[in-house]
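To find a chain, count down the sequence lines: A is the first, B the second, and so on, and within it residues start at 1.
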Number of protein chains: 2
Amino acid sequence: MSLEIELGLNEPVALLAHEALLSTYYTASNLRKKAGHFLQPFGLTDVQFNLMMLLKHQSRKGEGLTQAQLSSMMLVNRANITSLIDRMEKAGFVTRTSSPSDRRSNIIVLTESGKELLDRIEPLYAEEVKRIMDILVEDEQKRLIGMLEKVRSNIKED
Amino acid sequence: MSLEIELGLNEPVALLAHEALLSTYYTASNLRKKAGHFLQPFGLTDVQFNLMMLLKHQSRKGEGLTQAQLSSMMLVNRANITSLIDRMEKAGFVTRTSSPSDRRSNIIVLTESGKELLDRIEPLYAEEVKRIMDILVEDEQKRLIGMLEKVRSNIKED
DNA sequence: ATAAAATTGTTAATATGTGTATTATTGCCT
DNA sequence: AGGCAATAATACACATATTAACAATTTTAT
């Protein structure tokens, strides 16, 4: 696919930078759409799936995570987590309990049915992601990750 | 920044693929936030800025683009363009005119004030994007774009 | 020429994202 | 101890994204 926007500037470097930005935008957008279609039959969105993956793999012994932790891990605003958990609680994927040690915090935990659903989806999802990314050899994937991390770190510092 | 999710699978390749996917997600997200903050003082969102850039650089002689063309270039659903143009029309950035040659279509054109605003922002924006991306040397930027394009093309084929 | 199919834009319902303000708590500082 | 700053969740207004259903129009097939 070719570049959609041309800056029309004299500096080729700025043009290249813009193309790199757009390429990242578009690839993320396509990846999200693909994940969305893949997860739709299971009644999950990709955001909800990612949240459940965090609960499964990033909480110690299934103790759950607070909304603030989820917000920080998912790089989204705290306010966004509130409505997300509302929907997922209603759907029966997670529970929300007030933390006994800090009454400001809520502890989010996967339900049994949430765990079961995740166990079914996870291997299929891993296979699908592998299929998509294996157009790049292992070394390329590592370089891609490295370059994107450099860009991310260069955004944050200011 | 390290990987937020670990799949816990035996296959390291699948894990790497997942990390590459998340890295693309997160980088796009950070780039969008940064662009959003940059454009906020001008009363524009990054989506609106990108749409105006398309109108400026991708329409022949400023004849404008149809909503379907914009939808296809921006990789978003047609339905989304309707409300987007509503807001931008109300803000005075663009006009919407029914096409004489195809009465199903609307022609979207930049207003004079939209053009003026864009002319002011564009060089500043190019500079900012250049600053962010120049953490990668030119050759790396090209390789990044190439890899992301490969991934995109591998998503579409099915 | 006409019927069927495709395209364009809109609307509605819903999910996800932001920023800002508010409330409830907790932690820190003197 | 008492006051003040920081943190956690929520509420609200809004922007952006999706799918599905629809009406108007154009194109295609026969």
Side-chain angles (χ1 to χ4, degrees), chain A residues 25-26 28-52 64-91 93-94 96-108, chain B residues 25-26 28-52 64-91 93-94 96-108:
Chain A
Y25 266 39
Y26 289 157
S29 162
N30 281 334
L31 285 170
R32 292 194 58 153
K33 278 179 201 170
K34 184 69 183 177
H37 284 131
F38 176 79
L39 293 166
Q40 195 172 18
F42 300 102
L44 278 182
T45 65
D46 72 320
V47 173
Q48 294 177 5
F49 175 72
N50 284 334
L51 191 150
M52 290 170 77
L65 296 168
T66 67
Q67 296 185 191
Q69 285 173 323
L70 286 167
S71 153
S72 151
M73 287 171 173
M74 297 172 76
L75 306 188
V76 298
N77 195 287
R78 280 207 318 277
N80 194 30
I81 300 291
T82 298
S83 58
L84 191 50
I85 296 298
D86 284 349
R87 284 188 294 274
M88 295 182 72
E89 204 179 14
K90 193 175 292 179
F93 300 137
V94 300
R96 165 159 41 191
T97 321
S98 190
S99 165
S101 62
D102 183 342
R103 283 160 51 212
R104 292 170 304 181
S105 296
N106 292 338
I107 306 289
I108 312 301
Chain B
Y25 265 40
Y26 290 156
S29 163
N30 281 333
L31 285 170
R32 291 195 58 156
K33 277 180 203 172
K34 184 69 183 176
H37 284 132
F38 176 80
L39 293 166
Q40 196 172 15
F42 300 102
L44 279 181
T45 66
D46 71 320
V47 173
Q48 294 176 5
F49 176 71
N50 284 334
L51 191 151
M52 289 170 78
L65 297 168
T66 67
Q67 296 186 192
Q69 286 172 322
L70 286 167
S71 151
S72 149
M73 287 171 174
M74 297 173 77
L75 307 188
V76 298
N77 195 284
R78 282 202 320 280
N80 193 31
I81 300 292
T82 297
S83 57
L84 190 50
I85 297 297
D86 285 348
R87 283 187 293 274
M88 295 182 72
E89 204 178 15
K90 193 173 293 179
F93 300 138
V94 301
R96 166 159 41 191
T97 322
S98 190
S99 166
S101 62
D102 183 341
R103 282 159 52 212
R104 293 169 303 181
S105 295
N106 292 337
I107 307 289
I108 312 301

Q) Can you give the dot-bracket line for DNA chain D, where a pair is Watson-Crick or G-U wobble with both atom distances under 3.5 Å, crossing pairs use [ ], and | marks a partner on another strand? A) ||||||||||||||||||||||||||||||

Q: When you get a sec, tell me which of C:dT18, D:dA20, D:dA17 is the closest nucleotide to the side chain of B:Val76?
A: D:dA17

Q: Give, for atom CG of A:Asn50 and atom CG of A:Leu70, the distance between the pair rounded to the nearest 0.5 Å.
A: 11.5 Å

(Q) Checking contacts here: which listed nucleotide (C:dG17, C:dT16, D:dA9) is nearest the side-chain heavy atoms of A:Arg87? (A) C:dT16

**Q.** Sugar-phosphate only, base, or nothing, as touched by B:Arg78 at under 4.0 Å among non-hydrogen atoms
**A.** base

Q: Assign A:Ile81 to base, sugar-phosphate, or nothing according to its heavy-atom contacts below 4.0 angstrom with the strands shown.
A: nothing

Q.
Categorize B:Ser105 for me: base, sugar-phosphate, or nothing, with a 4.0 angstrom heavy-atom threshold over every strand shown.
A. sugar-phosphate

Q.
At 4.0 Å (heavy atoms only), tell me whether B:Asn80 reaches a base, stays on the sugar-phosphate, or touches nothing.
A. base

Q.
For the OG1 atom of A:Thr45 and the CG atom of A:Leu84, what is their distance to the nearest 0.5 Å?
A. 7.0 Å

Q.
Can you tell me if B:Arg104 touches the phosphate of D:dA23, counting only side-chain N or O atoms and a distance under 4.0 Å to OP1 or OP2?
A. no

Q) Would you say the side chain of B:Arg96 lies within less than 4.5 Å of the side chain of B:Asp86, judging by non-hydrogen atoms? A) yes

Q: Measure the spacing between CZ of A:Arg32 and CG of A:Leu39 and express it to the nearest 0.5 Å.
A: 11.0 Å

Q) Are any of B:Gln69's side-chain N or O atoms less than 4.0 Å away from OP1 or OP2 of C:dT8? A) no

Q.
What contact category does B:Ser29 fall into here, base, sugar-phosphate, or nothing, at under 4.0 angstrom with non-hydrogen atoms?
A. nothing

Q. Does OP1 or OP2 of C:dT10 have a side-chain N or O of B:Gln67 closer than 4.0 Å?
A. yes

Q. To the nearest angstrom, how far is B:Lys33 atom NZ from C:dT16 atom P?
A. 15 Å

Q) Of all the choices, D:dT16, C:dA15, D:dT18, which nucleotide is nearest to the side chain of A:Gln48 once you look at every atom? A) C:dA15

Q) In whole angstrom, what separates A:Leu51's CG from C:dG17's C1'? A) 15 Å

(Q) What residues from residues 35-47 of chain B pass a heavy-atom cutoff of under 4.0 Å to DNA chain D? (A) B:Thr45, B:Val47

Q.
What contact category does A:Ser99 fall into here, base, sugar-phosphate, or nothing, at under 4.0 angstrom with non-hydrogen atoms?
A. nothing

Q: Report yes or no: does B:Ser71 contribute a side-chain atom to a donor-acceptor pair with the main-chain N or O of B:Val76 at less than 3.5 Å?
A: yes

Q) Would you say A:Asp46 and A:Leu31 make side-chain contact, with heavy atoms under 4.5 Å? A) no

Q | Among B:Ile85, B:Thr97, B:Leu65, side chain to side chain contact (heavy atoms under 4.5 Å, CB included) partner for B:Ile108 | A | B:Ile85

Q. Quick one: OG1 on B:Thr66 to CZ on B:Arg78, what's the gap to the nearest 0.5 Å?
A. 10.5 Å

Q | Interatomic distance where CG belongs to B:Asn106 and P belongs to D:dA24 [whole Å] | A | 15 Å

**Q.** Distance below 4.0 Å between B:Arg96 side-chain N/O and C:dT8 OP1 or OP2
**A.** no

Q | Gap between atoms CZ and P, on B:Arg32 and C:dT18 respectively (whole Å) | A | 10 Å

Q: For A:Phe49 and C:dT16, give me the distance from atom CZ to atom P, rounded to whole Å.
A: 14 Å

Q. Please give, in whole Å, the distance from D:dT19 C1' to B:Asn77 CG?
A. 7 Å

Q) C:dT23 P sits how many Å from A:Arg103 CZ, rounded? A) 18 Å

Q | Pairwise distance OG(A:Ser105) to CD(A:Gln69) - rounded to 0.5 angstrom | A | 8.0 Å

Q | Most 5' of A:Pro100 and B:Ala68 on DNA chain C, judged by nearest nucleotide | A | B:Ala68

Q: Could you tell me the separation between the OH atom of A:Tyr25 and the P atom of D:dA17, rounded to a whole number of Å?
A: 10 Å

Q. Heavy atoms, side chains only, cut-off 4.5 Å: are B:Met74 and B:Asn80 in contact?
A. no

Q) Heavy-atom distance under 4.5 Å between the side chains of B:His37 and B:Gln40, does that happen here? A) yes

